[in-house]
Structure formats: structure tokens, C-alpha cells
Amino acid sequence: MAVGNVQITGTGQLIELSRRLKMAGGPRLKANFTRRIRRAAEPLHNDMRQTIRTLPIDAEPRRAGSRGGKSPTTRPLRATIAEAVRLSVRTGANPGARVWVDRSALPSDLKFMPEGMNKSNGRIRHPTFGNKGRGGWVNQWTTPMWWDKTVQRHQPRMRAEVEKVLSDVRRTIT
């Protein structure tokens with residue numbers, strides 16, 4: 001599973017339900033459907049943000065004789081990525097909820113960092129203090145597959161809630 005794209009869908013059921021909602025023409029019913037699907041996905045969205053904010057990142061120890069220094073950026077890595085985690089709900093042709101990382105909300109040098117942090121080995125490789133030309137590269141380590149594990153924890157609850165929403169709306173329109 002790729003970082004940045006989690007979808008709650010029961011594709012056939014949600015598409016058929018979306019068509020019936022359009023035919024029933026009830027904007028209030030559609031708004032209720034949208035609100036409840038969003039509510040089913042919000043705990044995952046919040047947990048994703050919290051998980052990335054508290055994700056441990058460990059560095060390799062410095063080599064003997066190497067100097068330390070101040071980071072060239074002042075932005076906190078984990079908070080920046082957490083703020084880019086989004087939730088959207090669709091009721092059109094492809095209905096469902098989606099939790100994703102909005103790359104446009106990330107600085108250019110961090111656009112692929114969430115995927116890098118989610119790799120199976122948990123290794124983040126980057127130039128020392130952002131200096132690609134001199135100073136070498138370093139490895140840092142984080143919890144592997146953090147995105148996937150967070151999604152897996154929430155899937156049973158989300159599926160149950162979406163099924164409940166589907167049956168409630170089906171009951172209303174039939």
C-alpha cells in the first residue's frame with residue numbers, strides 16, 4: 001500500500017447507492033451520507049497525523065572527529081508531514097473516503113519523504129544538513145511501514161461503520 005492513498009470503498013455498493021441518491025434527489029440525504037462517511041474516516045485521519053507526529057526517528061552516531069551543526073531548516077519534519085495528511089469524501093462516480101498525503105502542501109525537498117519513511121526497512125537516507133556536494137550522506141531509521149500498520153488497525157472499524165451507513169441509507173431510499 002502506498003503512503004498517501006487510503007480509500008474506503010465498497011465500490012459496487014457505494015456506486016449503486018450514489019446513483020439511487022441522485023435519483024431520489026435528496027440533497028439532505030446526500031449530505032447525511034457524506035457526513036457519516038467522513039465521520040467513519042476521521043479517526044483514521046487523526047491517528048495518521050498523530051502517528052507521524054510521534055514517529056521515532058533515530059540517527060546513526062556521529063563519526064569520531066566530525067563536527068555538529070545547526071540544521072539548515074527550522075521547520076519540524078514530522079509536524080510538516082502531519083499537516084499535509086488530508087481527508088476527502090466523494091459521492092460522485094467513485095464514492096468513498098480517502099486519506100492521503102497532499103504533496104503540494106509539502107516543501108519541495110520533502111515531497112517524497114512520507115514514502116521514504118514508510119519503506120519496509122524504515123531507512124531515511126539524506127545529505128548531511130541538506131548539503132549534497134560536501135559532508136556526505138547519513139542514514140536515519142524510523143518505524144517501518146507506519147502508514148500501512150495504521151491503516152490496518154482502522155480497517156475493521158471503518159468497514160463496519162461504512163456497512164452501517166450503507167444499510168441505513170438503503171433503508172431510507174427503498
A.B. asks: Leu87, Val85: one ILVMFWY side-chain cluster at the under-4.5 Å cut-off?
C.D. replies: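 Leu87 and Val85: one cluster.
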A.B. asks: I'd like to know if Arg78 pairs up with Glu83 as an ion pair, taking the criterion as any Lys NZ or Arg NE/NH1/NH2 lying under 4.0 Å from an Asp or Glu carboxylate oxygen.
C.D. replies: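 Result for this pair is no, no salt bridge flagged.
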A.B. asks: Start with the C-alpha distance between Thr80 and Leu106, add both sets of side-chain angles, then the distance that settles side-chain contact (heavy atoms from CB on, under 4.5 Å), and finish with yes or no.
C.D. replies: CA-CA 7 Å; Thr80 301; Leu106 292 173; 4.1 Å; yes
A.B. asks: Quick check: closest heavy atoms across Arg53 and Ala82, and the distance to 0.1 Å?
C.D. replies: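 Residues Arg53 and Ala82, closest heavy atoms: CG-CB, 3.7 Å.
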A.B. asks: For a side-chain contact (heavy atoms from CB on, under 4.5 Å) check, start with the C-alpha distance between Met113 and Arg103, then their side-chain angles and the critical distance, and finish with the verdict.
C.D. replies: CA-CA 10 Å; Met113 185 60 75; Arg103 286 190 183 158; over 6 Å; no
A.B. asks: For Asn32 and Arg35, which I'm curious about, is there any donor-acceptor pair between the side chains at under 3.5 Å?
C.D. replies: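 The criterion, which ignores hydrogens and geometry beyond distance, is satisfied for Arg35 and Asn32.
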A.B. asks: Taking the side chain as C-beta and beyond, is there a heavy-atom pair between Asn121 and Pro144 under 4.5 Å?
C.D. replies: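 When only atoms from C-beta onward are counted, Pro144 and Asn121 do not touch, as no gap falls below 4.5 Å.
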A.B. asks: Using the side-chain contact (heavy atoms from CB on, under 4.5 Å) rule, take Val162 and Arg157 through it: C-alpha gap first, then chi angles, then the decisive distance, then the call.
C.D. replies: CA-CA 9 Å; Val162 169; Arg157 180 198 51 77; over 6 Å; no
A.B. asks: Going only through I, L, V, M, F, W and Y residues with side-chain contacts under 4.5 Å, is there a path from Trp141 to Met117?
C.D. replies: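 In one cluster: no.
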A.B. asks: Side-chain heavy atoms under 4.5 angstrom apart, residues restricted to Ile, Leu, Val, Met, Phe, Trp, Tyr: same cluster for Leu55 and Leu44?
C.D. replies: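 Per the 4.5 Å side-chain linkage, Leu55 and Leu44 are co-clustered.
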A.B. asks: Answer whether the closest heavy-atom distance between the side chains of Met48 and Val151 falls below 4.5 Å.
C.D. replies: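 Side-chain contact under 4.5 Å: yes.
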A.B. asks: Looking only at non-hydrogen atoms, find the nearest pair between Asp148 and Met145 and report the distance.
C.D. replies: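 The answer is OD2-CE, 2.6 Å.
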A.B. asks: Are more than 12 heavy atoms, taken from residues, nucleotides or ligands other than Lys164, located less than 6.0 Å from that residue's NZ atom?
C.D. replies: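 Counting neighbours around NZ of Lys164, 12 or fewer heavy atoms of other residues, nucleotides or ligands fall under 6.0 Å, so no.
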A.B. asks: For Leu77 and Ile57, what are the C-alpha separation, side-chain angles and deciding distance, and is it a side-chain contact (heavy atoms from CB on, under 4.5 Å)?
C.D. replies: CA-CA 10 Å; Leu77 171 68; Ile57 298 176; 3.8 Å; yes
A.B. asks: Less than 4.5 Å apart, any side-chain heavy atom of Val99 and any of Trp147?
C.D. replies: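 Result yes, sub-4.5 Å side-chain heavy-atom pair found.
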A.B. asks: Within the side chain of Asp102, is there an N or O that forms a donor-acceptor pair under 3.5 Å with the backbone of Ala84?
C.D. replies: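 No; zero donor-acceptor contacts below 3.5 Å.
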A.B. asks: Is the closest basic N to carboxylate O distance between Glu163 and Arg159 below 4.0 Å?
C.D. replies: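 The answer is no: the pair does not qualify as a salt bridge.
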A.B. asks: Roughly how far, to the nearest 0.5 Å, is the NZ atom of Lys119 from the CZ atom of Arg123?
C.D. replies: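 Separation between the atoms: 6.0 Å.
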A.B. asks: Any idea which heavy atoms bring Arg39 and Pro43 closest together, and the distance?
C.D. replies: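 Closest approach of Arg39 to Pro43, heavy atoms only: O-CD, 3.3 Å.
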A.B. asks: Measure the shortest side-chain to side-chain distance between Asp47 and Glu42 over non-hydrogen atoms and say whether it is less than 4.5 angstrom.
C.D. replies: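 A side-chain contact under 4.5 Å is absent here.
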